[in-house]
Protein chains: 2
Amino acid sequence: MARKQNVTFADIAKYTNFSKTTISRYFNNPDSLTEKNQKIIADALEKLNYQENKVARILASGQTEFVGVIIPNLFLHYYSEMLDRILSTYETFGYKFLVFLSNGDADTERQYIQELLAYKIEGLIILSHAIPSMELANLHIPIVAIEREDAHISSINTDNYMGAIQATSLLYRHNCEVLFHINNPTAKSIPAYGRIEGFEDFCREQQIPHRIFLHEMKDQTASQEHLKEILSEIEADSPGRKKGIFVSNDTHASILVNLLVRKYGKLPEDYLIVGFDDSPASRNAIFPISTVAQQIDVLATEAVKLLVEQIEEHKNSKHTPVSEPVHKMITPVLIRRETTERDPLAEND
Amino acid sequence: MARKQNVTFADIAKYTNFSKTTISRYFNNPDSLTEKNQKIIADALEKLNYQENKVARILASGQTEFVGVIIPNLFLHYYSEMLDRILSTYETFGYKFLVFLSNGDADTERQYIQELLAYKIEGLIILSHAIPSMELANLHIPIVAIEREDAHISSINTDNYMGAIQATSLLYRHNCEVLFHINNPTAKSIPAYGRIEGFEDFCREQQIPHRIFLHEMKDQTASQEHLKEILSEIEADSPGRKKGIFVSNDTHASILVNLLVRKYGKLPEDYLIVGFDDSPASRNAIFPISTVAQQIDVLATEAVKLLVEQIEEHKNSKHTPVSEPVHKMITPVLIRRETTERDPLAEND
DNA sequence: TTGTAAGCGTTATCAA
DNA sequence: TTGATAACGCTTACAA
């Protein structure tokens, strides 16, 4: 009795006296059946408690509706929010995501890609940076990169240069006399390099005294130490002058604010600070930090949209080489909070 | 010429003069071939540039190596770290994860489950709470819940009760004269209810004056307002007495610390605070916050391990009902930071 | 150690 | 509008 594990089209067909083909049509093109027959099949599905098998469908149709995602980690809020938004596009496009975390080892990443290909993903969204875009392009599948080196593949990036201009000009408009930029050492091929470029260009054009600090700040304690040093340098550098500091990420901006507040019991008025990312760290800081918000929602949505377009193209023209890479820039949004818009009243209550 | 899209076992077989079976064996049981023949096949794979097709393998073998994950979101650090750790178990167990985000709507969640079943997942890890465990148990597939109602399914939970005891007793040992607990209203069926229970039991046993605040605090601003009110109540309640506050999560604990520091320019000595989760909010707060750390890594690893065990069982005994639910508790770790271990020297530098 | 042949549960191509 | 039949690319008895 308990021979068959799963109810299949064959069972439904037998039960309803239709053919398997007709059952298949019920799912893929129901209007080609009479309403009456649709109902018969629908009832049979209920009665036999049928459950879809998409694996079989994939094998026959070739459409997996899988998209691969390779992302560095989910510890950084930036990445986890991005993945959140990517996964949410399921409602719109129906693609399922196979997610791999890559710590940065290229060979591991290659292995993940092989695994993804074995599952016949229709496209790939990549945020990790271990594998050069040249190599990725040679996979000849639709690929969209987000904020990484993208010379040979399509990509969606934040307009980091514009972001830096927005941040820097805000500090400038608030009459800062000296401007500082704090960042990690960044390769020119990476979109985030625009943050350094934008800062520098703006300062040069406006002829404002400025200085850039580039330090590798891996962990929490190292960052804290470095930022402490940078702060003393800044203080020594420009005592009494109004200082504007553009920090390349909110975490470090927040550490900076904390150092200042712990030292002075409040945020000194001659320090204006702007971070980057609009991460929780900036919102929840003791003095909420002005920041350049990447529109993560837009980045994610556009990335999936672009990928889906490429997937469609790819289906229609299997033999033509994947079309020329498309690069799209998303303008970030400047968010003004207390570290630049000090309300003098707020300090007294 | 360009007829065949993919190189298949048939092609390899033809090329090497073996049968498809032998090619299959090369992948699944290579030792059953002579070394010489292994080499021949390996070379052919190279030459023909063969690429695995796991979809076909799944259909034939029934083993998808897919595990479904339903998780509320990736905005909260707790969830994204959990997913990070879950995905990382790929290295150990090889299971691939199909992840769905569920905002809390039961019907949407049911739909996701149907989709997951259609992809023949071998098991399910569930962190969302929309669907009662009773209904989940009726799916008759291996399921492990993490920190949610789990009456009828296996689960891995933090020992919230112990966590609360650890937090409360720390405040007690620091000679707090009044203890407070701030939390959201929590159903008794949810593991996190243990935080309230533990606090209350400890206070009762030690006969310490205490009070519990239960407020729905959805968004940032609402929380801020509520916490401000709670703070004035606490101040009115016990002026001059040493106050210990156990907050059910680090985000709210951080807001509390910020409110205090902004008011007094420092963290007043008569306030001791302990949070929950060891989230970045606690580490990066202006005064790093003592907290009860859930061992997310352990929770995730144990959840996958338990699930894999159940999957193995399930394979061996398809017909027996899924075995009795197993519940496992993970003890959290108390982390002492500045909000309880004030270093008097640190305040003066 | 290797091969034959029958699945796995769909979709796709022709016909009717 | 419906059906027969051959794919899809692999695994798995059963044989040899």
Side-chain angles (χ1 to χ4, degrees), chain A residues 3-42 44-45 48-66 115 117-122 315 318, chain B residues 3-42 44-45 48-66 115 117-122 315 318:
Chain A
R3 181 66 16 103
K4 279 222 116 153
Q5 286 288 36
N6 296 312
V7 179
T8 72
F9 280 11
D11 300 313
I12 312 290
K14 204 168 299 170
Y15 186 87
T16 57
N17 288 322
F18 286 114
S19 68
K20 291 197 294 177
T21 314
T22 302
I23 312 302
S24 175
R25 284 199 185 96
Y26 171 83
F27 285 98
N28 299 312
N29 187 13
D31 294 337
S32 68
L33 311 192
T34 63
E35 292 226 340
K36 193 182 115 204
N37 288 344
Q38 286 186 43
K39 182 124 194 68
I40 293 175
I41 295 178
L45 294 174
L48 301 184
N49 189 26
Y50 172 75
Q51 192 160 76
E52 280 187 274
N53 185 336
K54 293 227 179 178
V55 177
R57 176 207 245 272
I58 290 170
L59 185 59
S61 73
Q63 319 276 291
T64 59
E65 294 180 339
F66 282 146
E115 181 85 336
L117 292 176
Y119 279 99
K120 303 295 158 188
I121 54 167
E122 301 192 31
K315 278 181 196 163
K318 284 274 183 190
Chain B
R3 181 67 15 105
K4 280 221 113 149
Q5 286 287 34
N6 295 313
V7 179
T8 71
F9 279 12
D11 300 312
I12 311 290
K14 204 168 298 169
Y15 186 86
T16 56
N17 287 321
F18 286 114
S19 68
K20 288 199 299 177
T21 313
T22 303
I23 312 301
S24 174
R25 286 200 183 95
Y26 171 83
F27 284 97
N28 299 312
N29 187 12
D31 293 337
S32 68
L33 311 191
T34 63
E35 293 227 339
K36 194 182 114 202
N37 288 345
Q38 286 186 43
K39 181 124 195 65
I40 293 176
I41 296 178
L45 294 174
L48 299 184
N49 188 26
Y50 173 74
Q51 192 159 76
E52 280 187 274
N53 184 335
K54 294 228 180 178
V55 177
R57 175 207 247 270
I58 290 170
L59 185 59
S61 73
Q63 319 275 292
T64 58
E65 294 181 338
F66 282 147
E115 181 84 336
L117 292 176
Y119 278 99
K120 302 297 158 188
I121 53 168
E122 301 191 33
K315 278 180 195 163
K318 282 276 184 191

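These numbers come from a predicted model, not from an experiment. Protein chains get the first letters and strands the later ones, always in sequence-line order, with residue 1 at the start of each.
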Tell me which of B:T34 and B:A60 sits closer to the 5' end of DNA chain C, going by the nucleotide each one is nearest to.
B:T34

Using a cut-off of less than 4.0 Å, is there contact between a side-chain N or O of A:N6 and OP1 or OP2 of C:dC8?
no

Check whether any side-chain N or O of B:N53 sits under 4.0 Å from OP1 or OP2 of D:dC8, and answer yes or no.
no

Using atom NZ of A:K315 as one end and atom C1' of C:dT11 as the other, report the distance to the nearest whole Å.
14 Å

Tell me which residues in residues 15-26 of chain B put a heavy atom below 4.0 Å from DNA chain C, sorted by number, or none.
B:N17, B:F18, B:S19, B:T21, B:T22, B:R25

Closest of C:dT10, C:dT1, D:dC10 to the A:Y50 side chain is C:dT10

Please determine if a side-chain N or O atom of A:N37 lies less than 4.0 Å away from the OP1 or OP2 oxygen of D:dT1.
no

Grab the CZ-P distance between A:F9 and C:dA12 for me, whole Å please.
11 Å

A:E35 CD to D:dT1 P: how many Å, rounded?
11 Å

Validation row, ring centre B:F27 to ring centre B:F9 under 6.0 Å:
yes

Interatomic distance where CD1 belongs to A:I41 and P belongs to D:dG3 [whole Å]
9 Å

Need one value for A:F27: base, sugar-phosphate or nothing, where a base atom within 4.0 Å counts as base even if backbone is also close, heavy atoms only.
nothing

Under the criterion side-chain contact (heavy atoms from CB on, under 4.5 Å), which of B:L48, B:I40, B:L45 is the partner of B:T16?
B:I40

What is the distance, rounded to the nearest whole Å, between atom CZ of A:R57 and atom P of D:dG9?
17 Å

Indicate yes or no: at least one non-hydrogen side-chain atom of A:Q51 is less than 4.5 angstrom from one of B:K120.
yes

Tell me the interatomic distance from A:N29, atom CG, to C:dT11, atom P, rounded to whole angstroms.
12 Å

Would you call the rings of A:Y119 and A:F66 parallel, tilted or perpendicular if under 30° counts as parallel and over 60° as perpendicular?
perpendicular

Give the rounded distance in Å between these two atoms: CD1 of B:I40 and P of C:dT1.
14 Å

Rounded to the nearest Å, what distance is computed from the NZ atom of residue A:K54 to the P atom of nucleotide C:dT11?
10 Å

Answer yes or no: is there a side-chain heavy-atom contact under 4.5 Å between A:T22 and A:L33?
yes

Could you check whether B:N28 and B:R57, counting side-chain N and O atoms only, form a donor-acceptor pair closer than 3.5 Å?
yes

Have A:S24 and A:T21 got a donor and an acceptor in their side chains that come within less than 3.5 Å?
no

Considering only D:dT2, C:dC8, D:dT11, which nucleotide approaches the side chain of B:L59 most closely?
C:dC8

